[in-house]
Amino acid sequence: MENQLQIYNTLSRKKEVFTPLHPGKAGMYVCGPTVYGKPHLGHARSAITFDLLFRYLKHLDYKVRYVRNITDVGHLVNDADEGEDKIEQRARLDELEPMEVVQLYINHYEKAMDKLNVLSPSIEPRATGHILEQIEAVEKIIASGFAYESNGSVYFDVEKYARNHPYGRLSGRKTEDMLSSTRELEGQQEKHSPLDFAIWKKASPGHIMRWPSRWSEGFPGWHLECTAMSSKYLGETFDIHGGGMDLTFPHHEAEMAQSRAAFGHDSVRYWMHNNMITLNGQKMGKSLGNAISLDEFFTGGHPLLEKAYSPMTIRYFMLTAHYRSTLDFSNEALQAAEKGLARLLKASDTLDLIRASEKSTVDTARLRECCYTAMNDDLNTPVALAHLFDGVKMINAIADGKETVSAGDLADLKNLFTVFIFHLFGLQKHEEEASSCSAAFEGAVDLLLRLRMNAKAAKDWGTADMIRNELLKLGFEIKDTKDGFSWELRD
RNA sequence: GGUCGGGUGGCCGAGUGGUAGGCGAAGGUUUGCAACACCUUUUACAAUGGUUCGAAUCCAUUCCCGACCUCCA
């Protein structure tokens with residue numbers, strides 16, 4: 001039983017063995033982006049963390065339904081229940097329809113995720129597509145007595161709820177502490193208590209995004225969409241709910257309260273939260289104005305970036321830290337990641353050239369075991385990577401003839417590397433550039449390098465070096481091997 | 001102020017009682033030279049005290065940093 005997947009549950013603050021609600025199936029819901037701006041490194045961290053989980057669960061033969069929402073309404077700019085909708089604000093500033101803003105940034109997000117090789121979730125529901133479900137949820141909460149209407153808006157009655165239910169359990173706080181530290185805000189006369197949050201909000205006259213309801217023309221509160229959509233697609237109880245740590249309070253705490261008020265029980269069995277990306281020790285975030293967008297990373301177009309970093313470098317960089325640790329961004333760290341990744345991928349190429357021997361002098365079974373143990377330990381990718389680098393040493397030693405591997409072990413090693421590097425970690429070799437080269441192009445480069453080989457054989461170093469140096473200038477990487485050469489196009 | 005989490009070598013980053021790993025640097029092997037690869041080396045656990053055969057890891061005190069408490073992945 002020791003080698004089972006364990007995940008850290010924010011609710012219990014412990015690692016727990018993952019046992020799904022329904023044997024053989026796993027349901028996961030993750031808070032996706034609010035689409036009012038370009039995706040940045042933080043979005044990538046969350047997406048990659050849960051993509052890894054999604055891939056691993058599938059690898060463990062679970063039938064996984066992965067729901068990641070898109071928030072396209074209800075997220076207000078400032079204080080929780082006042083202020084402009086984020087998307088409407090962007091629309092006003094850019095003179096666009098709110099849905100144009102939504103579409104634009106969904107496109108940006110999808111494109112970036114695609115580059116990062118983040119798999120599409122099973123379902124990507126949008127809040128605006130689930131207004132009816134959200135209205136139904138409001139009805140349920142009112143019926144259970146934990147919400148009240150006030151001037152066309154409906155608020156969740158936190159104090160009443162907290163009398164019989166633990167509010168603050170997930171984020172580890174007490175209602176009295178929250179009360180004492182809550183700021184006095186303008187326009188909160190509608191609420192019974194400053195802790196109450198809106199689940200339906202009456203639209204002000206200038207508000208564009210609005211839907212009819214029996215309380216008012218308005219829009220749903222931010223926290224509600226996740227309760228409505230997760231229960232719709234995963235059921236009133238489901239396995240895993242993920243998101244960034246900064247969503248723990250108030251968003252997830254509110255979700256928990258809503259679910260319990262609406263359904264009479266908790267919905268989520270395992271809460272998982274990924275930590276933040278930091279920049280000079282400070283959280284990278286839109287509101288702090290220190291976020292670097294993913295596009296900027298891919299093109300190098302940001303003053304803080306010394307160069308462009310490929311999507312795979314970013315993906316690998318994320319995997320070098322555990323998902324619950326903060327990860328500090330720096331050019332140095334990214335360049336180290338770039339080189340580490342190249343070394344790993346090179347070894348996986350080398351693996352294809354290795355020939356099996358009678359006997360093995362290496363222990364591939366143990367390597368395999370170590371890799372899985374690391375993954376089962378709350379997705380400990382940095383440790384799994386460390387073991388894979390032991391594998392890299394192993395591969396290079398075999399290729400050098402210093403160690404030998406049997407046919408069975410070689411197959412095992414190949415399988416391990418393929419599964420971990422490509423299937424689970426989702427890393428890819430340079431964007432299939434090789435396949436985009438035409439046969440004629442490849443033939444021409446091969447011809448040049450064969451000429452160089454001839455020159456070398458004739459000890460005509462001038463010609464040999466000229467060919468190599470000119471090709472290097474054009475962006476090729478040239479390597480001499482034992483019995484010839486290899487080349488590839490740098491990206 | 002409240003709650004929670006941290007402080008590890010030049011950089012990043014694992015690690016809850018007994019050699020992570022990557023990147024960098026130095027030296028060497030290989031090579032016509034180079035790249036790749038390989039071998040060796042290097043510097044560490046914020047401070048102080050304590051527990052222990054043995055502590056980065058446990059306890060105490062101190063200092064420093066961050067996250068959340070408003071919207072944020």
Side-chain angles (χ1 to χ4, degrees), chain A residues 10 13 30-34 36-37 39-50 71 75-84 86 168 171-174 176-183 185 222 242-251 253 273-278 281-288 291 316-317 320-322 324-344 346-347 350 370 374 380-390 392-393 395-397 399-400 402 456 459-461 464-465 468-469 472 477-482 486:
Chain A
T10 308
R13 287 161 216 288
V30 172
C31 291
T34 300
Y36 69 107
H40 56 76
L41 206 54
H43 292 104
R45 179 137 208 220
S46 172
I48 289 169
T49 296
F50 293 105
T71 299
H75 212 155
L76 304 183
V77 170
N78 274 314
D79 305 299
D81 298 318
E82 289 302 320
E84 202 173 1
K86 285 186 178 223
S171 52
R173 35 194 109 207
K174 301 190 177 107
E176 51 266 34
D177 294 342
M178 288 189 249
L179 272 172
S180 63
S181 65
T182 303
R183 295 183 311 173
L185 299 172
W222 173 40
M245 254 180 204
D246 50 356
L247 298 179
T248 312
F249 190 90
H251 185 54
E253 196 70 59
H273 292 97
N274 63 276
N275 214 320
M276 303 290 107
I277 300 287
T278 59
Q282 280 233 314
K283 174 179 165 181
M284 186 182 281
K286 257 181 215 149
S287 48
L288 295 165
Y316 177 87
F317 176 59
T320 62
H322 188 260
R324 281 189 289 113
S325 304
T326 54
L327 176 58
D328 199 55
F329 153 84
S330 69
N331 281 286
E332 219 176 347
L334 276 173
Q335 282 164 33
E338 194 170 47
K339 292 190 175 160
L341 172 62
R343 182 146 182 254
L344 191 62
K346 203 156 285 163
T350 307
C370 288
N380 198 334
T381 51
V383 167
L385 276 174
H387 291 304
L388 286 178
F389 275 101
D390 288 339
V392 169
K393 279 205 173 108
I395 289 166
N396 288 328
D400 276 3
K402 289 172 184 156
K456 278 176 66 177
K459 296 199 192 292
D460 177 3
W461 309 127
D465 288 353
R468 183 177 63 193
N469 293 340
L472 284 176
E477 259 174 39
I478 311 297
K479 274 171 217 158
D480 287 355
T481 60
K482 227 180 268 172
S486 73

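Lettering of chains follows the sequences in order, A, B, ..., and the numbering in each one begins at 1.
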Ion pair check, A:Lys393 and A:Asp390, cut-off under 4.0 Å: no
Rounded distance (Å) that lies between atom P of B:G22 and atom CD of A:Gln335: 19 Å
Distance below 4.0 Å between A:Lys393 side-chain N/O and B:C39 OP1 or OP2: no
Under-4.0 Å side-chain N/O to phosphate OP1/OP2 contact, A:Thr326 with B:G5: no
Nucleotide paired to B:G9 in any strand shown, Watson-Crick or G-U, under 3.5 Å: none
Short side-chain N/O contact to B:G15 OP1/OP2 from A:Asn380, under 4.0 Å: yes
Nucleotide of B:A73, B:G13, B:A37 approaching A:Asp328 most closely (side-chain heavy atoms): B:G13
Given RNA chain B, 5'-ward residue of the pair A:Ala321 and A:Asp390, judged by closest heavy atom: A:Ala321
Side chains of A:Leu385 and A:Leu344 in contact at under 4.5 Å (non-hydrogen atoms): yes
Whole angstrom value for the distance that separates C1' of B:G15 from CZ of A:Arg324: 13 Å
Nearest-neighbour nucleotide for the A:Val383 side chain, B:G32, B:A20, B:C71 considered: B:A20
Rounded C1' spacing from B:G6 to B:G13 in Å: 14 Å
Same-atom distance (P) from B:U42 to B:U3, integer angstrom: 45 Å
Student check: side-chain heavy atoms of A:Lys283 and A:Asp246 closer than 4.5 Å: yes
Minimum-distance nucleotide to A:Asn274 side chain [options: B:A73, B:G22, B:C36]: B:A73
B:A37 OP1/OP2 closer than 4.0 Å to side-chain N/O of A:Asn396: no
Closest listed nucleotide, where the reference is the side chain of A:Gln282 and the choices are B:A14, B:A73, B:G66: B:G66
Sugar-phosphate, base or nothing in reach of A:Ala386, heavy atoms under 4.0 Å: base
Sugar-phosphate only, base, or nothing, as touched by A:Met276 at under 4.0 Å among non-hydrogen atoms: base
Closest listed nucleotide, where the reference is the side chain of A:Tyr316 and the choices are B:G22, B:G32, B:A14: B:G22
Rounded distance in Å - CZ (A:Arg343) to P (B:A37): 6 Å
Short side-chain N/O contact to B:C4 OP1/OP2 from A:Arg13, under 4.0 Å: no
Partner nucleotide, any strand, of B:A25 [Watson-Crick/G-U, under 3.5 Å]: B:U41
Atom-pair distance (CH2 on A:Trp461; C1' on B:A34), nearest Å: 12 Å
Complementary nucleotide for B:U16 - Watson-Crick or wobble, under 3.5 Å: none
A:Asp460 CG to B:C33 C1', straight-line distance once rounded to whole Å: 14 Å
Nearest-angstrom distance from the residue atom CE of A:Met178 to P of B:G2: 16 Å
Note, A:Lys86 side chain near A:Thr71 side chain (heavy atom, < 4.5 Å): no
Candidate nucleotides B:A20, B:G2, B:C12, ranked by approach to the side chain of A:Pro382 - the nearest: B:A20
Sugar-phosphate, base or nothing in reach of A:His40, heavy atoms under 4.0 Å: base
B:U61 to B:G27 separation - P atoms, rounded to the nearest Å: 49 Å
Nearest-Å distance once atom P is located in both B:C58 and B:A25: 35 Å
B:C39 to B:U30 separation - P atoms, rounded to the nearest Å: 15 Å
Which nucleotide in B:C33, B:C12, B:A73 has an atom nearest any side-chain atom of A:Asp480: B:C33
Heavy-atom check, side chain of A:Asn380 versus side chain of A:Pro382, under 4.5 Å: yes
Touch class at under 4.0 angstrom, heavy-atom based, for A:Lys402 against every strand present: sugar-phosphate
Distance between C1' atoms of B:G5 and B:U40 (Å, rounded): 39 Å
Closest-nucleotide 5' rank along RNA chain B - winner of A:Phe329 and A:Lys456: A:Phe329
Nucleotide nearest A:Lys479 when distance is taken to its side chain, options B:C68, B:C36, B:G13: B:C36
Crowding at NZ, A:Lys174 (>12 non-hydrogen neighbours, <6.0 Å): no
Sugar-phosphate only, base, or nothing, as touched by A:Leu388 at under 4.0 Å among non-hydrogen atoms: nothing
Complement of B:G32, any strand, by Watson-Crick or G-U distances under 3.5 angstrom: none
Heavy-atom check, side chain of A:Arg45 versus side chain of A:Asn275, under 4.5 Å: yes
Pairwise C1' distance for B:G7 and B:A14, with rounding to whole Å: 15 Å
Sugar-phosphate only, base, or nothing, as touched by A:Gly42 at under 4.0 Å among non-hydrogen atoms: base
N/O donor-acceptor pair, side chain A:Arg468 with base B:A35, under 3.5 angstrom: no
N/O donor-acceptor pair, side chain A:Asn275 with base B:A67, under 3.5 angstrom: no
Closest approach of A:Cys31 to A:Ser46 (non-hydrogen atoms, all atoms of both residues): O-OG, 4.4 Å
Length of the line joining A:Lys339:NZ and B:C36:P, which is rounded to integer Å: 9 Å
Whole-Å P distance, B:G1 and B:C53: 41 Å
For atom CG of A:Leu344 and atom P of B:A37, their distance in whole Å: 12 Å
Where A:Ala399 and A:Thr350 come nearest, the two heavy atoms and their spacing: CB-CG2, 3.7 Å
Closest listed nucleotide, where the reference is the side chain of A:Ser325 and the choices are B:A73, B:A14, B:C71: B:A14
